[in-house]
A.B. asks: 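Okay, handing you the structure first.
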2 protein chains.
Amino acid sequence: MTRRFETTEIYEDLRVKLTTAHFAPGAKLKPSDLEPLYGRSVNTLREVLFRLSTVGLVRFEDQRGFRAQPSDPQRQHDLTSFRITLEQVGAAQSMRNGGLDWEARLTAAHYKLSHIENRIAKSCDISDVVVPWCTAEWEFHETLVSASDSPLLRSTFQSIYDQFRQQLVTKSRNYGYFPRNVEEHARIVECALAGDAGALQQAIHDHLSRNLLGTQPAGLSSAI
Amino acid sequence: MTRRFETTEIYEDLRVKLTTAHFAPGAKLKPSDLEPLYGRSVNTLREVLFRLSTVGLVRFEDQRGFRAQPSDPQRQHDLTSFRITLEQVGAAQSMRNGGLDWEARLTAAHYKLSHIENRIAKSCDISDVVVPWCTAEWEFHETLVSASDSPLLRSTFQSIYDQFRQQLVTKSRNYGYFPRNVEEHARIVECALAGDAGALQQAIHDHLSRNLLGTQPAGLSSAI
DNA sequence: AAATGCAATAATTTCAAAATTTTTAATATT
DNA sequence: AATATTAAAAATTTTGAAATTATTGCATTT
């Protein structure tokens with residue numbers, strides 16, 4: 001017999017599943033299917049799904065219920081473009097406001113991320129460290145914008161980052177890992193610590209631009 | 001006996017009320033209080049409130065329910081700052097992408113808005129035209145960013161604009177109307193039609209900066 | 001007067017079932 | 001084989017009540 005999950009546990013479990021390709025893009029999320037898994041009624045599950053829709057991980061339509069967000073090149077372009085905008089603004093504000101503390105936190109976050117990414121580079125296999133890598137990736141980018149004095153920008157950035165990752169994290173795409181990440185992350189930190197605003201903007205753009213439409217050379221994909 | 005409203009009607013009615021100071025900032029939104037008004041059960045009303053929380057007009061807390069967003073100087077600063085960012089980026093993208101069609105639509109929107117604002121200036125009384133003025137104000141700013149190719153940026157802008165207006169629209173603040181609006185809106189259009197990106201960014205900033213902390217001269221308030 | 005404890009009340013969350021709407025499958029017709 | 005119709009099944013939404021949790025008010029103690 002299924003145990004009963006608390007609604008906060010259900011939320012977190014679904015959030016993780018929605019950002020790790022557990023559901024196919026556009027998949028129906030039927031409360032009646034989730035009921036046996038979580039031991040709660042369809043109404044309670046609807047409420048959880050509504051909460052997930054507040055951060056954009058789920059799409060709701062009147063009389064048709066809930067779906068995982070669809071995945072298509074236009075949406076990915078849009079998410080990438082908007083993420084670049086938010087990250088550039090947040091990083092610029094952080095660089096102005098953050099001081100030594102921010103630089104230290106960014107250095108630490110990058111140290112952790114690069115350690116994992118170098119290990120991946122050596123073993124040529126991400127599957128054993130997907131979860132710590134995803135965590136370190138988020139922490140790095142989150143720290144980059146953390147000294148922005150705009151809570152709204154930071155929370156919107158988190159939502160867009162999650163949706164971006166939701167698009168990218170599939171087995172067929174090596175979970176969004178890409179060998180050039182190592183040098184691109186290093187470049188971002190270099191520019192940030194040098195206080196070079198223009199170069200930082202460019203480094204952020206260069207890091208993400210492979211996910212924009214119209215920029216990929218023929219024959220290349222996001223992950224090999 | 002109260003008639004029963006459709007959930008979409010309830011959503012729209014509450015959305016309008018939340019952006020026209022019908023509820024005090026931070027006011028509890030108890031489904032049991034709304035039940036007699038809309039003739040629906042508390043569960044249905046909870047669902048509507050969750051939908052309103054997806055666009056940031058309502059704040060939800062576990063075990064404590066729903067509230068109108070609070071109002072304080074920091075939050076208003078944050079909303080203003082983020083709105084400036086989104087509007088500047090959206091306007092820049094629109095100027096690049098929009099062509100004559102966009103310029104025509106912006107001109108038309110401005111014509112309508114300035115007509116109403118000039119009438120307000122003459123009568124010195126906004127109360128009779130609050131609703132058409134609010135509509136025209138939204139349409140003007142929405143058109144400004146409408147040729148952005150980022151649906152995410154546009155939908156986020158709408159949400160932030162609504163929350164911004166939610167903060168600003170109070171009787172004590174003349175519904176957010178300010179006499180310099182007339183010239184500031186004109187300036188925005190002038191810069192947009194001139195294709196002057198830098199000046200457009202500045203004009204947008206100048207239009208909204210009175211709502212930022214630390215910029216108001218002593219003794220001045222947002223609305224007189 | 002202030003602090004504490006606790007019962008009562010209020011509010012929120014969850015439920016199983018009913019009502020409503022959409023989707024699917026079967027059948028008939030062309 | 002394709003299309004249209006319709007009934008059945010499936011899915012979603014809504015309900016009123018029960019269960020759970022938070023808040024309030026009152027009594028007692030210091």
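Numbered from 1 within each chain, the chains take letters A, B, ... in sequence-line order.
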A.B. asks: Counting side-chain heavy atoms from CB outward, which of C:dT22, D:dT15, D:dA11 is closest to A:K28?
C.D. replies: D:dA11
A.B. asks: Report the nucleotide, chosen from C:dT12, D:dT14, D:dT12, that has the shortest atom-to-atom distance to any side-chain atom of A:P31.
C.D. replies: D:dT12
A.B. asks: Please tell me which of the listed nucleotides, D:dT14, D:dG16, D:dA22, lies nearest to the side chain of B:T44?
C.D. replies: D:dT14
A.B. asks: For C:dA19, does either OP1 or OP2 sit under 4.0 Å from a side-chain N or O belonging to B:R4?
C.D. replies: no
A.B. asks: Identify, between A:E6 and A:V42, the residue whose nearest nucleotide on DNA chain C lies closer to the 5' end.
C.D. replies: A:E6
A.B. asks: For the residue pair A:Q167 and A:L79, establish whether any side-chain heavy-atom pair is separated by less than 4.5 Å.
C.D. replies: yes
A.B. asks: Need one value for B:F60: base, sugar-phosphate or nothing, where a base atom within 4.0 Å counts as base even if backbone is also close, heavy atoms only.
C.D. replies: sugar-phosphate
A.B. asks: So, the side chain of B:R67 versus the backbone of B:G26: is there a donor-acceptor pair under 3.5 Å, distance only?
C.D. replies: yes
A.B. asks: Measure from the side-chain heavy atoms of B:S41 and tell me the nearest of C:dT14, C:dT21, D:dT15.
C.D. replies: D:dT15
A.B. asks: Across the strands shown, which category fits B:S32 at heavy-atom distances under 4.0 angstrom: base, sugar-phosphate, nothing?
C.D. replies: nothing
A.B. asks: Picking from C:dT22, D:dT14, D:dG16, which would you name as closest to the side chain of A:R64?
C.D. replies: C:dT22
A.B. asks: Using 30° and 60° as the class boundaries, would you call the ring planes of B:Y38 and B:F5 parallel, tilted or perpendicular?
C.D. replies: perpendicular
A.B. asks: Quick check for you: among C:dT14, D:dA11, C:dA16, whose closest atom lies nearest to any side-chain atom of A:N43?
C.D. replies: C:dA16
A.B. asks: Counting side-chain heavy atoms from CB outward, which of D:dT14, C:dT21, C:dA11 is closest to B:T7?
C.D. replies: D:dT14
